[in-house]
Structure formats: C-alpha cells, structure tokens
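Lettering of chains follows the sequences in order, A, B, ..., and the numbering in each one begins at 1. Computed over heavy atoms, backbone and side chain alike; hydrogens, waters and symmetry mates excluded.
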There are 2 protein chains.
Amino acid sequence: MVAVTSANAAEQERPARVSGIDKIERRRVALAESALKTLGELGYARTSLREIANNSEFTHGVVHYYFRDKIDLISYCVRYYKTKCARRYDEVVETATSGEELVTGFLAKMTQTLVDETPMHKLWYDLRAQSMFEEQLRPDVEAIDKLLEEMIWRILGRYADLTATTPTVDAPTAYALIDGLFEQAVVGYAANPDKTPDLLTDRLLQVLPKLVAA
Amino acid sequence: MVAVTSANAAEQERPARVSGIDKIERRRVALAESALKTLGELGYARTSLREIANNSEFTHGVVHYYFRDKIDLISYCVRYYKTKCARRYDEVVETATSGEELVTGFLAKMTQTLVDETPMHKLWYDLRAQSMFEEQLRPDVEAIDKLLEEMIWRILGRYADLTATTPTVDAPTAYALIDGLFEQAVVGYAANPDKTPDLLTDRLLQVLPKLVAA
DNA sequence: GAGATTTCTTGACAAGTGTCAAACAAAGTC
DNA sequence: GACTTTGTTTGACACTTGTCAAGAAATCTC
C-alpha cells in the first residue's frame, strides 16, 4: 500500500487510532481509485462527489469522512495517480541493449498505455488545464509534470548512451515535444481510435532521431 | 463584422427582420466577446451564464435570447475566436526575407501573444481538454486545431524556402511539437511570468533548426 | 401616433452541487 | 457485557446552475 504524501501539507488532522491508520489509508486509496475511474470518464468539471460515491461501494457521506472537501479528494487522487504513471518505461529503459530495442519498446509501451489507459491520460490533460485556473491544483500538477519530464529524460539519456550520441535538447524541451505528440494522440484518439496509435508511432519515429546527435 | 459560420449547422432558426439580422449578429458578437473575457479568466467549467451576463452590460435573460443554450454560446465563442487567432503570423511570414528574420519575427510574435493574450490561450487549452469529454465541442476544436496546424505549416514551409531546405517532419508532427512547447509555456506562465517567455524562445531555438534539412 | 414586433428584464422553476450534522451500526476496550 | 471510539448512512441545508416564461420597454411600420 502506497503512502501518498501531501504536496501542500494539509491532512494530519484526523486523529484515528494508531492501529487503524493504514486501514484509513486503505479506504482512502479505495475511494481514490473509484474516484479516478469516474474522473477519467467524466472529466474534472462534470464529476461530483455524489457521482463518485454512486460509482463506488460507498455513500456520499463516506467521501466526506475521509476527505476534507472536494479539492482534498482530487488532490489525493492526483498524487496517488502519479505514483503509478511515471515509472511506466523503467523496465524498457533498463533492459534494452540497443537503441533500436529501446525505441521499439518505448513505442510499444506508449501506444499501449494510450489505448489501455485513455481515461487516465484524458484526466491528466484535463487536470493540467484546470490547474491554470484553480491554484490549489498547481503544486500537484507541477510535481507530476516534473516526474514526467524526468521520465522522458531518462529514456532519452539511455537512448543517447546506447547509440553513442548525446541529447541535442534539454530535458524540459524534450518533454514538451514528446508530450505534445502524446497529447495530440490522446485528443485524437476519441475521434479516430484505429489510426491514432500508428500515427503516434510514425510521428515519434520522425522526431526521436533528431533529439540526439554525435 | 465577421459572420461566424456554424461548424455543426444549427442556428438558422430565429426569424428576425431582415434589416435587423446583422444587428442580431452584432449583439451576438458583443455577447461572445464579453463571454470570452470571462471564460479566459475563469475557464470553461467555472463560467456560468449568469457570470457572463454580470461581466457584461446585459442581463442573463438576454444571453438566452441570442443563444439557444450554453453550448450554443460557447460554440459560437470558439468559432468567433478562431477567426482571430490563426492569422497571427501571416505578416511575419509574408514580409520576412531571410530565415533568421522569419525566426526572429516568429519568436517575437509568439512570446508577445503568450504575454498579451494569456487568458485566450488558457481558454483554448481548456476547451481542447473539455472536448475530450464533451462531444459537442469536438467539431469546433478539430477545426481550430486544423487551422493552427496549417498556420504552423505555412511558417515552416516559408522557413524552409528561405533557408533552401525542406521540412523533415510532416505538418501534424510539426504542429504537435511546437504546440507542446507553447502549451508548456502557457501552463508555466502562471507560476513564472518573468522567465517563461525567454525559456520558450530558447526552447524554440533548440527545435526549429531540427525541423528542416538540406 | 396607434399598433405590431422585437428586444430586454425580472422572477421563477427544477435539478444538482458541496457541505454538514445527527442518528445509527460496528468494533474495539476495560 | 457495558461503554467508548470509529465508521457509515441518511437526510437536510444553503447555494448555484441552466432554462424558461410572462410581462415591460423599446423600436419599427404604416
């Protein structure tokens, strides 16, 4: 069970017996997972606490027992989510023994998560947009963005190693470029689920070689 | 006065005297402009029709007199907005006489609109995210995305001409890359308005040369 | 200027929201 | 087994939302 730590320090208030503290955490995780399902389908704006409760085995009162308010819940969900998403390519990075193998594995994993976890990605881009208007979301969004940037940077660094080259762009740039392509794919996936993964692969193949040089 | 045409054909219902038809259009544009101001500040989700009316010289009933419902208004706003945004770089493209001049002009215009029209850009990325959940927004969002892609492609094509090179990526890829950088800047602008424009410039300078080759 | 038409204001409606509190059930403590 | 603590349900609250309709005001037509 992952202990989701706060990015803006604000929930060591509910006392709770010491023996039950991770039972509480378990419940919060269950709530969060259920909430994430609903959020991924409806998006941030259209998801109400009651809707979250309805799509779970709990009642709407329970939500409020475990979370101070809506932002607290969403914020917790986001932090929970980030612990799962940024390590997605680690195995590929560690096991690949050639540049080509790394690229192949990376592309496979990326198109796979595009298809398998579309709602989560939609939610992420939604939340990042919301963070421009809702200040309370910003710290969490920034933290995830940083995590994703590091993820991309690890991949690119390893790719450079394997191909005896060096990156030609810095980490934020590399992240923005690849994220731009991926977001385009996530948005396009709704309209064209069949062709989008191949298009993403094709476009990444156009770009990746340009990000390194001897 | 711009006649905003419908992307999903659905507003030739209100009869209205022939002489007054563009008076109606004028009112709609005034409403739309006011709505865009509010939308840019609050974002799609947090903007209500009443809030739009309050920030305008009209009452909330008028909004309903000129627009069937909320989506109709937002949709109109989006279409109105797009007529203004996609021609932003045309002058630079047409007047530049060297690659360097084009790049300089392009970067200047882009950082300028980042700073001067932040709310509009925030709204655009918000709306694009919402379109993943709200199907009714999709046609309009797709249309704008296409317009922006063509805009980027014109710039890159001209840049290639001026430098006697050819683009090394296709239009959707080029758009996704540059848009990724710009979105990163828009999101980052809230947290760091001082440094973000320079960072954007720096990153674009890293990328642009890689998008063409002899 | 009378009468018809268009435009706008106002107030209401049903539905949905986040929040909370009081009653109830379960579990743990001595 | 009584009693306290913890967990859950239920129903209510104040408020906001989109939508609409009835009537007042302004405008146009003749």
Phosphate OP1/OP2 of C:dC8 contacted by B:Thr59 side-chain N/O (<4.0 Å): no
B:Phe58 CZ to C:dT9 P, straight-line distance once rounded to whole Å: 9 Å
Interatomic distance, A:Lys70 NZ vs D:dT16 C1' [rounded to whole Å]: 13 Å
Nearest to side-chain heavy atoms of A:Ile24, which nucleotide of D:dG7, D:dT8, D:dT17: D:dG7
D:dG18 base / B:Arg50 side chain donor-acceptor hit below 3.5 Å: yes
Contact nearer the 5' end of DNA chain C, comparing B:His60 with A:Ile71: B:His60
Side-chain donor/acceptor contact of B:Arg68 with base of D:dT19 under 3.5 Å: no
side-chain N/O B:Tyr65 vs C:dT9 OP1/OP2, d < 4.0 Å: no
Touch class at under 4.0 angstrom, heavy-atom based, for A:Arg27 against every strand present: sugar-phosphate
Euclidean distance, atom CG of residue A:Leu31 to atom P of D:dT9 [Å, nearest integer]: 11 Å
Interatomic distance, A:Arg26 CZ vs D:dG7 P [rounded to whole Å]: 13 Å
B:Lys70 to B:Tyr44, cation-pi by 6.0 Å centre distance and 45° axis angle: yes
Side chain of B:Leu49 (C-beta onward), nearest among D:dG18, D:dA12, C:dC8: D:dG18
Rounded distance in Å - CD (B:Glu51) to P (D:dG18): 10 Å
Cation over ring face, A:Arg154 and A:Tyr89, 6.0 Å, 45°: no
Position toward the 5' end of DNA chain C (nearest nucleotide), A:Gly61 or A:Arg46: A:Arg46
Euclidean distance, atom CG of residue B:Asn54 to atom P of D:dG18 [Å, nearest integer]: 12 Å
CG-OH distance between A:Asp72 and A:Tyr66, expressed to the nearest 0.5 angstrom: 14.0 Å
A:Lys109 to A:Phe182, cation-pi by 6.0 Å centre distance and 45° axis angle: no
Interatomic distance, B:Ser131 atom OG to B:Asp140 atom CG [nearest 0.5 angstrom]: 10.0 Å
